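Here's the structure we're looking at; comments come further down.
Predicted, not measured: the structure shown is a model, and the values here were computed from it. Letters A, B, ... are given to chains in the order of the sequence lines, protein chains preceding strands, and every chain is numbered from 1. Both backbone and side-chain heavy atoms feed into the values below; hydrogens, waters and symmetry mates do not.
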Amino acid sequence: DAGITQSPRHKVTETGTPVTLRCHQTENHRYMYWYRQDPGHGLRLIHYSYGVKDTDKGEVSDGYSVSRSKTEDFLLTLESATSSQTSVYFCAISEPRTSGSLYTQYFGPGTRLTVL
Amino acid sequence: DAKTTQPTSMDCAEGRAANLPCNHSTISGNEYVYWYRQIHSQGPQYIIHGLKNNETNEMASLIITEDRKSSTLILPHATLRDTAVYYCIVRVITGTASKLTFGTGTRLQVTL
């Protein structure tokens, strides 16, 4: 358990509404990530952060924005939700202490989002 | 990053060793092999990683061939709770970049 929580765990919303998902960690990890998982696509990286106010895009970043104003929280925002953003969203953290552990990531429990 | 190939699914009897293969024939010298698993509806779980040498931890063993073109994850005494999708990932270390790309993995079914 890497002290990662996600909120909400489940959400149903309507097309066009803004949605914010929160990832919270308690162990001061430097790196945080947002992934989405859909049937047939596996896990895909949306955005990641390598420090406070330092973020970068992943492979499926269109329609999403992120913010990290403090170490422990990484927020994912859907400015205007669409049905194609119905998915399970996972947050992850990593704290590379050696070069080999750079990709040792620990995942949260996930948020199931349904956009009607 | 090197491409990986894994069988789509495997079965294993409870109590027996589960040997999950991964082919990464285009791996380069500075790429690590990582294994994760995902139990239904949960977030992926890190299992083990290695570069050249075989590795063992409390969850599993990782055997990497001498030419590094393939590897095997071994769960020594599989239980029903090991039923999951197992992902083999090869990743080069590039400074601060730490993005993981998950493929479709191997679905391991452990049976009584």
Side-chain angles (χ1 to χ4, degrees), chain A residues 1-6 9-10 21 23 25 29-51 54-61 66 74 87-112, chain B residues 1-6 8 24 27-60 62 64 68 71 84-107:
Chain A
D1 183 1
I4 308 168
T5 57
Q6 292 184 232
R9 294 292 314 280
H10 301 271
L21 308 183
C23 178
Q25 53 127 337
H29 295 293
R30 180 181 173 193
Y31 289 85
M32 298 184 76
Y33 313 80
W34 277 108
Y35 292 86
R36 61 177 287 176
Q37 186 169 34
D38 308 289
H41 289 280
L43 277 129
R44 294 179 291 175
L45 182 68
I46 306 171
H47 282 278
Y48 71 104
S49 169
Y50 46 95
D54 291 323
T55 65
D56 203 353
K57 296 179 180 180
E59 61 180 308
V60 290
S61 59
V66 290
F74 192 32
S87 187
V88 180
Y89 292 85
F90 289 102
C91 172
I93 60 91
S94 68
E95 185 60 61
R97 293 185 174 86
T98 65
S99 60
S101 67
L102 189 63
Y103 302 108
T104 303
Q105 296 184 6
Y106 298 91
F107 287 77
T111 294
R112 184 172 296 275
Chain B
D1 299 323
K3 178 181 169 59
T4 61
T5 304
Q6 298 178 253
T8 303
H24 31 79
I27 194 170
S28 61
N30 61 348
E31 288 183 304
Y32 283 77
V33 179
Y34 289 80
W35 283 84
Y36 282 77
R37 74 180 182 182
Q38 187 171 24
I39 297 170
H40 181 62
S41 298
Q42 298 181 20
Q45 178 186 25
Y46 164 78
I47 301 173
I48 198 167
H49 73 275
L51 181 62
K52 297 180 184 178
N53 301 321
N54 298 336
E55 302 287 346
T56 295
N57 63 20
E58 64 279 3
M59 288 183 67
L62 173 60
I64 303 174
R68 302 186 71 239
S71 60
V85 178
Y86 287 77
Y87 299 96
C88 169
I89 301 167
V90 173
R91 196 68 173 90
V92 64
I93 306 300
T94 55
T96 59
S98 56
K99 294 171 280 189
L100 282 173
T101 301
F102 288 79
T104 53
T106 295
R107 183 171 298 276

Item to check | Interatomic distance, A:Leu43 atom CG to B:Thr104 atom OG1 [nearest 0.5 angstrom] | outcome: 12.0 Å
Checklist outcome for this item: When rounded to the nearest 0.5 Å, the distance separating CZ of A:Phe107 from CD of B:Gln38 is 8.0 Å
Checklist entry - Who passes side chain to side chain contact (heavy atoms under 4.5 Å, CB included) against A:Arg112, sequence neighbours left out? => result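 Checked A:Arg112 against side chain to side chain contact (heavy atoms under 4.5 Å, CB included); matches are A:His10, A:Val88.
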Checklist entry - Relative to chain B, which segment of A:Gln37 carries a heavy atom at a distance below 4.5 Å: side chain, backbone, both, or neither? => result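 Side chain of A:Gln37 only, per the 4.5 Å heavy-atom cut-off to chain B.
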Item to check | Polar side-chain atom of B:Tyr36 near backbone of A:Gln105 as donor-acceptor pair, under 3.5 Å | outcome: yes
Checklist entry - Does A:Arg44 CZ have over 12 foreign heavy atoms under 6.0 Å away? => result yes
Checklist entry - Which heavy atom of B:Gly43 sits nearest a heavy atom of A:Phe90, and at what distance? => result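 Minimum heavy-atom separation between B:Gly43 and A:Phe90: CA-CE2, 3.3 Å.
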